[in-house]
Amino acid sequence: MATRDIVYIALFAALMAVLGAFPPLMIPALGIPITAQSMGPMLIGGILGARRGLLSMLLFLLLVAVGLPLLSGGRGGLGVFVGPWSGFIYGWVAATLVVGFAAERLWPRLNFVTAFLTMVAGGIGVVYAVGVPWYSAMSGMDLGAAFIGSAAAFIPGDLIKAGVGAAVVVALRKSYPAVPAGLASRRS
Amino acid sequence: MIELRNVTLHRGERRVLDGLSLSLAEPRIGILGANGSGKSSFARLLNGLLLPTSGHVTVDGIDTRDDVKAARRRVGFLFQNPDNQIVHPTVAEDIAFGLKPRRLPKPAVAAAVSAILARVGLAGSEERLIHELSGGERQLVALAGVLVMEPAHLVLDEPTTLLDLRNRRRIAAAVADFPGQVILVTHDLDLVESFDRVIVFEAGHVVVDDRSGPAVHAYRALCR
Amino acid sequence: MIELRNVTLHRGERRVLDGLSLSLAEPRIGILGANGSGKSSFARLLNGLLLPTSGHVTVDGIDTRDDVKAARRRVGFLFQNPDNQIVHPTVAEDIAFGLKPRRLPKPAVAAAVSAILARVGLAGSEERLIHELSGGERQLVALAGVLVMEPAHLVLDEPTTLLDLRNRRRIAAAVADFPGQVILVTHDLDLVESFDRVIVFEAGHVVVDDRSGPAVHAYRALCR
Amino acid sequence: MIDALYIAADSPLHRLPAGLKLAAIPVLAALLFALPGWPVAAVGLAIVLALLPVSGVPPRRAAKQLRPAIAVIAVLFLVQLWFTDVAAAAGAALRFLALILAATLLTMTTRATALIEALEALFRRLAWTGLSPERLSLAIALTLRFIPVLGQVVEEVREAQAARGRDRSIVALAVPVLVRLLKTADEVAEAIDARS
Ligand SMILES: Nc1ncnc2c1ncn2[C@@H]1O[C@H](COP(=O)(O)OP(=O)(O)OP(=O)(O)O)[C@@H](O)[C@H]1O
Ligand SMILES: Nc1ncnc2c1ncn2[C@@H]1O[C@H](COP(=O)(O)OP(=O)(O)OP(=O)(O)O)[C@@H](O)[C@H]1O
Ligand SMILES: O=C(O)CCCC[C@@H]1SC[C@@H]2NC(=O)N[C@@H]21
Ligand SMILES: [Mg+2]
Ligand SMILES: [Mg+2]
């Protein structure tokens, strides 16, 4: 791994932290926030690719785990990893990997449509695929009910984030082509 | 004319500007001062990017606190780093960015873009990719993006620090041609040589306010 | 001494430097040239941040292609923007960064850090947070981080462009005290006034190579 | 910021090695989930509560940290009550209370730097897998260094765009911010190479 990859990994971990500075919106019925950080896996995967993206997300979560208050609303510490809602956080890890992998494959013909579909499938689908069953298992809530509850609360916002994420990744590919997702790490 | 009456500005805990009263009427005004003396904060007051903590800033009679949009339309602003203000990947798209709210027909936008590119010496660069331009060319594109909006005043915050002598002259020439008022913040004393008035800041106060020659002389003495 | 023999450098598709042969022996050497003329690429060759596409660069006899680490240890490098070269959040940690591979005992590191801070005029700043320092102080910290490694040569790529006159002098003074060789890339002609030798680049070639006075004169003429 | 949630004190809990405390959390979690039923969960919570006075953490500070979690657990309890019975609902709620309180206690009694050192030691032992403690600590330092840089870049770009008369497009903000950050990162990488 080149020095540049380490720097990119750290940079996007910092980006994740900065996304956490946007005030979260608590959903009282679920106890889970609507947060700008759910855009993180989309941007990180889409820009860094799978390998570096994964490491970046893990680095961010490591800093949260050791007690830095970098999750939205200034939360941190190990407590956030052992709650009934923590599945979404593990979902971010998987999502970064999936979005990253897809972005690397699609990079030469990435456009808004393919990018948006990637964000929806990877950045929303995968996150929910981990987060919702976890929540339902931990809370005893029926899977369908948990999904309907969280879908109603989060999906409108998450679709907007997917749109923004896709537009950003596509524009960035044109404005700063020096970093084809994932390719830089392989080149060096 | 831009006027400041009794302006004080706090940023965070700090009082960054303190009791300023100035009438900026001369066509060419230079701003000098040490790092952290408040030059950029001052410049940002002039188009309402910052609002005074107390006191008033008026642009041609419009108080920035009353109608920041109207004030801002009259004041173009060029920053040090062109990368901050370039939004789109191609030259023409980027220059057109500021025109969008005017909802002009496409051919009118294209004509305005081409005209302004010619004025900054980049005729025919419409379709070039910004990231393939040199630093000097990028700064000229950024300037074109400001000029295309036809402001009455132009405020520039250290617009030439990243540039070589030749590009510096190109920017200086494009600025010299500007028909309205120019207020230029810089560390480059050559740039303000021919200016009508030069103001020197120190720790949030005006310490020199004079014609160019004596002001630059006083500034050099201050920096010893 | 740093030597280039028949050096050609490509970046992407472009030939950025073309058939350079130079012996850099003078204690103070200035590098001038237009934006994009190849100055930064040249500077990066001198410590192996870039390797020549063909030809050889040797630092005190060490070919950068054979042993880039050994060459790099002999050449300190200061960049234009302090924010792009400071890697740790506090002053002492950052300056110590370059010492890590030496595995010195902690007190020795602390002593070296304090000594170097005193030398650049920032004694007692060990625990300050980088992002709370002014631009000039940050550049001095970046310089300290280079000096602490005691290089034999110091290469600086436009180290003062973001600074005011006073901070520029502080950097210039710290550099003047440096006992080894200094190679300074700049657009600021005052900085190289007293230098032993000044080299001017144009489109990847050396077009002037002379004592400071005549070289600066020739450069000015070129930029017309 | 690095020790934002830490509470300085000199207690037996503070003195325990960070690595040991870190390993205790998954063990506790495994036990609580492997042995169901509310009495086990209640015992678990009682043990963790008993650690509170030993930890030197003022109960008020602990409660403040727990408040968001308690809200969620209250919701969880009500939901469980709806779908199952009181015993199961109480079991789930107590289990999470115990676990989250334990994790919070760890966070409040252990310096982030100690945890990072423990991780570095782990990485050193696992060096044969390619994990490198130097890279880990460099990446952590860089992240902390980048957070304020990022804030400043966002501020500068936002300003530049406001000056051009357009205030509210997130994409128009994000693209130049990322371009600048990537350029910065490229140069930081060069600088690191130049210094190592
Ligand atoms: N966003 C901010 N928040 C708090 N303080 C700030 C902020 N921006 C600037 N300052 C402080 O305000 C003072 C004036 O800053 P300003 O940027 O106006 O100085 P300047 O004269 O433009 O300096 P330079 O020559 O380095 O650009 C400084 O002390 C600075 O630390
Ligand atoms: N990473 C890169 N990939 C491809 N081309 C590059 C790269 N970096 C620089 N170049 C090109 O190499 C040439 C020389 O660039 P260099 O940065 O060395 O110029 P410079 O003299 O330092 O300019 P400035 O005064 O603007 O710093 C330019 O044409 C530039 O476009
Ligand atoms: O901050 C946390 O503790 C984790 C929050 C997880 C929030 C999830 S991610 C997907 C969905 N979209 C949102 O905006 N919030 C949830
Ligand atoms: Mg300024
Ligand atoms: Mg350069």
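Please read all numbers here as calculations on a predicted model, not as lab measurements. The chains referred to below are lettered A, B, ... by the order of the sequence lines, with proteins before strands, and numbering in each begins at 1.
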message: Looking at B/R65, I want to see if its CZ is surrounded by more than 12 non-hydrogen atoms of other residues, nucleotides or ligands under 6.0 Å.
response: yes
query: Is B/F77 close to D/E159 at the side-chain level, that is, under 4.5 Å between some pair of heavy atoms?
result: no
field: Heavy-atom contacts under 4.5 Å, residues 103-113 of chain B to chain D
entry: none
message: Other residues, nucleotides and ligands only: do more than 12 of their heavy atoms fall within 6.0 Å of CZ on D/R125?
response: no
query: At their closest point, which heavy atom of B/F79 faces which heavy atom of D/A163, and how far apart are they?
result: CE1-CB, 4.0 Å
field: Side chain / backbone / both / neither for B/R44 at chain D, heavy atoms under 4.5 Å
entry: side chain
message: Which atoms of B/D157 are under 4.5 Å from chain D, going by heavy atoms: the side chain, the backbone, both sets, or neither?
response: neither
task: Nearest 0.5 Å please: distance from the CD1 atom of B/I86 over to the CZ atom of D/R180.
output: 12.0 Å
field: From D/T184 atom OG1 to B/D83 atom CG, the distance as rounded to the nearest 0.5 Å
entry: 9.0 Å
message: In the structure I gave you, are the side-chain heavy atoms of B/H88 and D/V175 within less than 4.5 Å of one another anywhere?
response: no
- prompt: Does a sphere of radius 6.0 Å around CZ in D/R15 hold more than 12 heavy atoms from other residues, nucleotides or ligands, not counting ones at 6.0 Å or beyond?
  reply: yes
message: Tell me whether the count of non-hydrogen atoms from other residues, nucleotides or ligands lying under 6.0 Å of CD in B/E150 goes above 12.
response: no
Choice from B/V68, B/L49, B/V146, B/N47 maximising heavy atom contacts with chain D below 4.5 Å: B/L49
